[in-house]
Structures are given as C-alpha cells and as structure tokens.
Peer 1: 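Provided herewith is a single structure, encoded as structure tokens, for subsequent inquiry.
When a ligand or atom number is given, it counts from 1 through the structure's own listing order. Quantities reported herein were computed from a predicted structural model and do not represent experimental measurements.
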Amino acid sequence: MRWWLFWLACRSVAGATFYQDVEPLLRKHCQRCHRPGEIGKMPLVTYAQVRPWAKAIREVVLRRRMPPWFAKSGSVKLANDPRLSDEEIAVIDTWVRQSAPAGQPGPATPQASSPPEEMWDIEWTMPRPIRVPARGELPYQFVILPEKIDHTRWVSAVEIRPGARSVVHHVVAYLREPQSEWLRDAPIGQPFSRPGVTTSDILAVYAPGQPPSVYPAGMAKRLPAGSELVLQLHYTPDGALHEDRTSIRLRWTTTPPRYEVLTLQIATTKFRIPAYERRYRVSAYGTMPNDALLLSFFPHLHRRGAAFEYALVQEGGRVDSLLLVEPYNFDWQLSYQLAQPLPLKKGTRLLCTAWYDNSPNNPRNPDPSVDVTYGEQSDQEMMVGFFDVAVPAGTTKQQFFVR
Ligand code: HEC
C-alpha cells in the first residue's frame with residue numbers, strides 16, 4: 001500500500017470535517033476566486049456556503065478541473081502552481097463521501113481569508129464608465145487615467161480590477177512615458193478607440209483567473225516621473241447591458257530595487273490558419289539583446305488556441321522546452337511564474353510556438369469553415385508570448401534593446 005493510501009485509510013476512520021480538514025484547503029486553493037467580489041460564481045468561505053456545493057466540489061477536484069491550471073510540462077519549476085496534491089484531493093473525497101460534516105470550529109481555526117486590502121497603497125479608477133452593449137463587437141477601448149506620476153515611483157505589486165467582470169475580456173495597462181508621442185491628441189479620462197500599436201512598456205495585464213502581480217524581493221516596475229497609465233480594454237458582450245469602471249491598484253516600494261521588471265513579448269501577426277485544420281503551428285522567436293533574468297510567462301491566444309510553448313534554442317539548434325501550456329484554454333488566461341529567476345545570456349534565442357485547433361472539435365471555435373488571420377477580436381487570432389524579465393535597475397526598455 002502506498003503511504004498516502006494508508007494515511008487516507010487512517011483519515012477515513014478518524015473522519016474528515018469541514019473546519020479541521022477542508023476549510024484550510026479551500027482557503028489555500030480556492031478562495032482567491034471563490035469569495036465575494038471575485039470571479040468564482042459562488043463564495044466557498046463559510047460552511048453554509050460550501051455545503052450545498054460539496055458534491056460538485058468533489059467532482060471538480062477529482063477531475064482536476066479546479067483550480068484551473070494548464071502547465072503540462074517543461075523544465076522550469078513554477079511558483080504559482082495552485083493544484084491540490086493527491087493527499088489533499090483524498091481529504092476532500094473522504095469528507096464528501098461521509099456526507100460533508102461540519103465538525104467543530106476550533107479556536108485554532110484561523111479566519112477565512114479576506115482580500116489583503118492593506119497591501120495596496122493606491123487605487124485609480126476610470127473616471128467615467130464605459131457602456132458595454134448587450135450584443136455585437138466592440139473595438140478595443142482606451143482610457144488615459146488622469147493621475148500623473150509626479151516623481152519616479154517603484155511598484156512592487158500591481159492588480160487590475162475589472163468593474164463588470166462578466167464582460168471584461170482583457171485589460172492591458174501601458175505606461176506612457178513623458179517623451180512618448182503615443183495617443184498624444186487623445187482626451188484624458190474619457191474612453192476612445194483607436195487602432196495601432198505601441199512600444200510603451202506594459203505595467204500589467206488582466207485576463208480571467210490572473211492573480212495580482214507581486215514581484216520578487218528586490219525587483220519592481222519603474223514608473224518614470226511624468227508618465228501616465230493608459231488602459232486598453234477589450235469587452236466581450238454577454239447578452240446584457242453593462243457599465244464598466246475598471247481600476248488598478250498599486251503597491252509602492254520606497255527602497256530602490258536592485259532590478260527592474262520589463263514586460264516583453266514575442267509575437268507574430270503573419271499567419272493564416274486554414275479552415276478545418278486540427279493542429280496548425282505558428283512559431284516566432286526573439287534574441288535577448290542583453291543579459292536578463294526570466295521571471296514569468298503569459299501566453300495569449302484567442303478561441304482557436306490549443307497549446308503554447310516557450311523554449312530555448314541552444315547553440316547547436318537543439319530546442320529545450322521551458323514550459324508547455326496544454327490545453328491552452330481561452331477562458332483561462334493565466335500567467336506562469338518561475339520559482340527561481342532563470343538567467344538568460346545576451347544572444348539567447350527564445351522560441352515561442354502556438355498551436356491552433358480550427359476544427360469543429362474545438363468547442364470554442366466560432367466557425368471552422370473559415371481561414372483565420374491576425375486580428376484583435378476573439379474570432380480572429382493572435383499569437384503573443386508575453387514574458388517578464390528583470391534587468392539592473394535604471395535600464396529602460398529602450399536601453400535594454402540597444403545591443
Ligand atoms: C482562478 C480562479 C478560481 C480558482 C482558484 C478556483 N475556482 Fe472554481 N470556479 C471559478 C470560476 C470562474 C467558475 C465558474 C466558471 C467555470 O465553471 O469554469 C468556477 C466554478 C467552480 C465550480 C462549479 C463547477 C460547475 O460545474 O458549475 C466548482 C464546484 C468550483 N469552481 C470549485 C472550486 C474549488 C473546490 C476550488 C479549489 C480547489 C476552485 N474552484 C478554485 C474560478 C476559480
């Protein structure tokens with residue numbers, strides 16, 4: 001008998017209870033989303049809230065549908081892997097099969113996790129709401145937040161908080177530096193839409209399931225004096241009219257960090273995914289212009305996305321996989337944070353590969369009968385491998401790209 005089966009047998013005799021055994025697991029693995037105000041439909045905090053869901057909880061944890069996580073393989077160890085261990089699943093299984101008893105809320109039971117409000121120094125909200133119609137497609141909306149950054153600030157944590165969660169498909173917060181000409185003629189604080197690309201650095205990205213970005217000790221994002229935050233918002237109408245006022249929360253650090261964090265991307269817009277194609281591959285690579293420490297990955301594809309891989313191309317051409325995300329799930333765009341920063345030498349080639357499923361087998365495919373090219377809307381495709389790196393503090397993105 002494997003040791004944990006033996007352990008499980010002991011547990012079954014002793015019995016698992018909500019307060020002793022299950023509540024700590026929910027706190028650790030589930031309440032980030034399943035608490036009031038977060039994306040999980042129902043809070044899973046109190047016994048009264050959890051009890052009616054007991055059977056469904058057993059089902060989703062045994063099938064590993066919850067918590068959502070799609071890292072399949074690769075050489076990097078990940079810091080934010082939220083999965084339950086086999087033993088933890090066994091505890092929930094036992095508890096539900098024994099009719100989910102409450103047990104005693106002992107004095108040792110810590111309080112249910114509440115949002116760590118005190119960790120944030122500031123929260124900036126869009127001054128006006130954006131009306132999201134019930135139907136149709138909206139071009140990307142932009143809002144330049146009116147707050148100016150008076151002197152250089154260091155951000156050690158950042159979170160984008162959508163207002164109308166059900167229709168906010170993604171948000172990118174860009175940092176517009178004072179010398180940038182990007183959207184200079186656009187109004188401040190009012191939504192507008194405008195096609196085009198920018199080289200501005202990205203402060204943060206939101207997509208469903210994305211936790212706040214908290215940078216490792218000694219590392220932070222720099223907000224240069226005089227810069228502004230520009231939000232790019234993508235809404236996907238859900239059948240009802242909504243008004244969204246998204247906000248962004250920041251935590252400052254006053255001690256200047258040793259490293260600053262840059263968000264980079266390897267992307268391509270040049271592809272055509274044939275109709276009915278089951279597994280179509282698109283690759284793009286980038287060469288590190290200078291030394292950097294690799295911190296995290298955030299792949300971004302649309303509805304036909306099936307898998308995404310980050311890999312290193314070695315000198316002789318050998319490809320070593322760092323992370324394979326499979327299946328890629330459009331409804332869950334997660335970031336994958338390395339447990340240990342990985343040093344990348346100047347000249348390192350980073351290869352990103354995306355696979356798409358444009359067949360009728362893909363339940364998210366809006367139309368398998370068409371060839372699909374690049375576009376901003378979800379029924380068009382994208383291929384972007386975002387990744388965060390740390391570079392010595394004081395290096396701007398422009399300087400980093402000087403070889
Ligand atoms: C990253 C956020 C997130 C985490 C972490 C998370 N959930 Fe969920 N969960 C959701 C969302 C959003 C839904 C509704 C959408 C869906 O079903 O995909 C959901 C749905 C569910 C459902 C309903 C499934 C159904 O078929 O209707 C159950 C049960 C559930 N979660 C249990 C859990 C448990 C137990 C954990 C921890 C072990 C957990 N979740 C962790 C976000 C999360």
Peer 1: Just list the side-chain donor-acceptor pairs under 3.5 Å for residues 337-352, sequence neighbours left out, or say none.
Peer 2:
residue	atom	partner	partner atom	Å
Lys345	NZ	Asp291	OD2	3.4
Thr348	OG1	Lys345	N	3.1
Thr348	OG1	Lys345	O	2.5

Peer 1: Give a table of atom pairs where an N or O of ligand 1 lies under 3.5 Å from a protein N or O.
Peer 2:
residue	atom	partner	partner atom	Å
ligand 1	7 (N)	His34	NE2	2.8
ligand 1	9 (N)	His34	NE2	2.9
ligand 1	31 (N)	His34	NE2	2.9
ligand 1	40 (N)	His34	NE2	2.8

Peer 1: Below 3.5 Å, can you tabulate the donor-acceptor pairs from side chains in residues 42-57 to any protein atom, sequence neighbours excluded?
Peer 2:
residue	atom	partner	partner atom	Å
Thr46	OG1	Gln49	N	3.1
Thr46	OG1	Gln49	OE1	3.4
Tyr47	OH	Ala100	O	2.5
Gln49	OE1	Val45	N	3.0
Gln49	OE1	Thr46	N	2.9

Peer 1: Charged N to carboxylate O under 4.0 angstrom, Arg64 versus Asp86?
Peer 2: yes

Peer 1: Report the residues that fulfil ring pair (Phe, Tyr, Trp, His ring centres under 6.0 Å) with Trp69, sequence neighbours left out, ordered by chain and then residue number.
Peer 2: Tyr336

Peer 1: For Gln232 and His170, which I'm curious about, is there any donor-acceptor pair between the side chains at under 3.5 Å?
Peer 2: yes

Peer 1: Does Arg153 pair with Asp121 as a salt bridge, N-O distance under 4.0 Å?
Peer 2: no

